[in-house]
Amino acid sequence: MTRPPHGVGFIGAGAVTQAIHLPTLARLRDRLAIRRVFDVDHGVARSVADRVGAAPSSDLEEFLASAGLDVIAICSPDRLHAEHALAAITAGAKVVLCEKPLATTVEDAQRIAEAAREAGTALIVGAMHTFDESWTTVREELTAGSSSQRFVRSSIVLPPNERFEDFATEVEGHRVSPGPAHAPQSAAEHGELLRRMILGLSIHDLPLVRQLVEDAEAVTVLDARALQPFGYQVLATAGRTRLEVHASMGQPWRPDWRLEVLGEDVQASIVFTPSYVHAGSGVSRVTRGETTAVHGPFPANGYEAEWRSIAKVLEGTGTAPRLEDLVDDLRFALTLADGVRDLITQQHEESAA
Ligand SMILES: NC(=O)c1ccc[n+]([C@@H]2O[C@H](COP(=O)([O-])OP(=O)(O)OC[C@H]3O[C@@H](n4cnc5c(N)ncnc54)[C@H](O)[C@@H]3O)[C@@H](O)[C@H]2O)c1
């Protein structure tokens, strides 16, 4: 007998829901069905719900009380993730998928993890590359060498986000521009801007980076600078690992999203498909001595692998990530981003003095 698909509800129906999750779930209809779409903007909720035959809602209580939501996906603005994740856990969702970042503070992330542990809820954070097969295939091999001296580089080069959204769908509702509403004026604003950019972009791959460095709790930011028109370059250490975290966005450059590891006995790169592009997984290359092993591209991209792993959790054939790891991922990202903010603020104060 075939099992009916698991019910999915969305909190927040903006760009990520429309351009990423809807097309992904359309490929998994036999296992996951969108039943409800909640957004404070009722027009957006209705339009998005209509597209997939779901019920719209602009009342959170009503949404949370509706039957048949095995999965609740939190796709609201970052500052609301903790509140919405806690509400979804309390409402009895079996799986909560929270878009990145899990929360804006480690304390909130710990509260969410504690609530999920008590309720037995599986928690997934939408850091899609953690599910991408080009990473999962080489993860054990690469993380096993993290105690050796190595260089790790995370680099994201993207044209403006809207281009990818437009490839995928026609996005209903307002747009969030990647750039600042106004150019930063004070030293503190310069620092905060870079902090937010790191927590918006590099945060996708920082969970992978955390597993590759020698000591994720010993992060020191050595150098940080803003890149024009929109980006940053950061040099840091994490134990004996040297780290470069880079992003450039806003020009019609060819997309290039990669993670690289250079160690005493290994050279590895994973080249990911950019966000919003539904074009299969990344490709990893691991070279030892004269031998290079190439993995990928696999048919599913990270988003599809993320939803497939949610279906497996619901079907009892897969496990969710460890809650402690999700909290540690956020702690690592915040430590790096806070360190960059402090250094940039200090540089601007010194140059103004
Ligand atoms: N994994 C990825 O590749 C990826 C890509 C982009 C964004 N994101 C994350 O997804 C989240 C949403 O990003 P987006 O680009 O879709 O933003 P967006 O601004 O396009 O959409 C957010 C939606 O949330 C709605 N909203 C606002 N307040 C709400 C509330 N109180 N309750 C319910 N809905 C509310 C808005 O009306 C809007 O429709 C962010 O946390 C972002 O970091 C992830």
Side-chain angles (χ1 to χ4, degrees), residues 9-25 36-49 51 56-64 72-88 91 96-104 108-109 112 124-132 156 158 160-178 181 196-208 247 249 255 257 272-279 282 301-307 310 329-330 333 337:
F10 277 90
I11 297 184
V16 79
T17 299
Q18 295 177 45
I20 291 177
H21 295 307
L22 259 55
T24 303
L25 286 170
R36 261 190 188 263
V37 176
F38 163 65
D39 197 292
V40 280
D41 183 330
H42 191 65
V44 171
R46 197 177 49 237
S47 150
V48 173
R51 283 189 219 171
S57 178
S58 46
D59 176 344
L60 182 59
E61 297 306 317
E62 176 207 56
F63 169 86
L64 291 171
I72 295 183
I74 317 291
C75 301
S76 50
D78 297 4
R79 67 179 188 287
L80 300 172
H81 287 184
E83 177 188 331
H84 285 154
L86 287 167
V96 170
L97 163 63
C98 184
E99 263 306 341
K100 54 81 187 166
L102 174 57
T104 54
D108 276 351
I112 297 167
I124 308 271
V125 174
M128 66 286 187
H129 291 161
T130 57
F131 297 93
D132 193 296
I156 303 170
L158 290 177
N161 235 353
E162 282 87 341
R163 286 194 41 187
F164 292 108
E165 291 167 8
D166 289 341
F167 283 147
T169 189
E170 277 180 36
V171 176
E172 180 82 16
H174 70 285
R175 287 277 171 78
V176 179
S177 148
R196 278 198 286 123
M197 286 199 276
I198 290 168
L199 294 177
L201 264 181
S202 291
I203 196 161
H204 284 290
D205 287 356
L206 290 179
L208 285 58
M249 195 175 179
W257 188 317
F272 292 108
T273 46
S275 298
Y276 298 101
V277 175
H278 301 262
N301 66 14
Y303 301 111
E304 187 173 325
E306 182 179 296
W307 280 104
I310 289 171
D329 285 345
L330 184 71

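We count ligands from 1, going down the list as the structure has it; atoms in each ligand are counted the same way.
Without hydrogens or angle criteria, H81 side chain to T104 main chain gives no donor-acceptor distance under 3.5 Å. Although no hydrogens or angles enter the test, the distance criterion places a donor-acceptor pair under 3.5 Å between the side chain of T24 and the main chain of I20. Panel note: side chain T17, backbone G12; a donor-acceptor pair is recorded below 3.5 Å. Without hydrogens or angle criteria, D39 side chain to A13 main chain gives a donor-acceptor distance under 3.5 Å.
A heavy-atom distance below 4.5 Å is found between the side chains of I11 and I72.
W307 and H21 are linked by a side-chain donor-acceptor pair at a separation below 3.5 angstrom, with hydrogens and angles left out of the test.
Of the candidates E306, M128, K100, H204, the one placing a heavy atom closest to atom 43 (O) of ligand 1 is K100. Closest heavy-atom approach to atom 23 (C) of ligand 1 among the candidates D39, L102, I11: D39. Summarising the contacts of atom 33 (C) of ligand 1 with F63, Y303, F38, F10, the nearest heavy atom is found in F38. In this structure, of V16, D78, I203, the residue bringing a heavy atom nearest to atom 14 (P) of ligand 1 is V16.
Scanning both residues, E99 and C75, for their nearest heavy atoms gives CG-SG, 3.9 Å.
Numbered from 1 in the order shown, with element, the atoms of ligand 1 that lie under 4.0 Å from a heavy atom of P77 read 24 (O), 26 (N), 27 (C), 28 (N). For ligand 1 and G12, the ligand atoms under 4.0 Å from any heavy atom of the residue are 24 (O), 34 (N). Less than 4.0 angstrom separates some heavy atom of H84 from each of these atoms of ligand 1: 30 (C), 31 (N), 32 (N). Close approach of ligand 1 to L80 is summarised as follows: ligand atoms under 4.0 Å from at least one heavy atom of the residue are 28 (N), 29 (C), 30 (C), 31 (N). Close approach to S76 involves these atoms of ligand 1, each under 4.0 Å from a residue heavy atom: 11 (C), 12 (C), 24 (O), 40 (C), 41 (O). When each atom of ligand 1 is checked for a heavy atom of C75 under 4.0 Å away, the hits are 11 (C), 12 (C), 22 (C). Against a heavy-atom cut-off of under 4.0 Å, G126 is close to the following atoms of ligand 1: 1 (N).
In terms of polar-atom proximity, D41 is not counted as a contact of ligand 1, lacking any N or O under 3.5 Å from an N or O of the ligand. Annotation: E99 places an N or O atom under 3.5 Å from an N or O atom of ligand 1; distance criterion only.
At a 4.0 Å heavy-atom cut-off, ligand 1 touches A15 through backbone and side chain alike. Only the side chain of I20 comes within contact range of ligand 1, with a heavy atom under 4.0 Å; no backbone atom does.
Between F272 and H129, the angle of the ring planes stays under 30°, which puts this pair in the parallel group of the 30/60° scheme.
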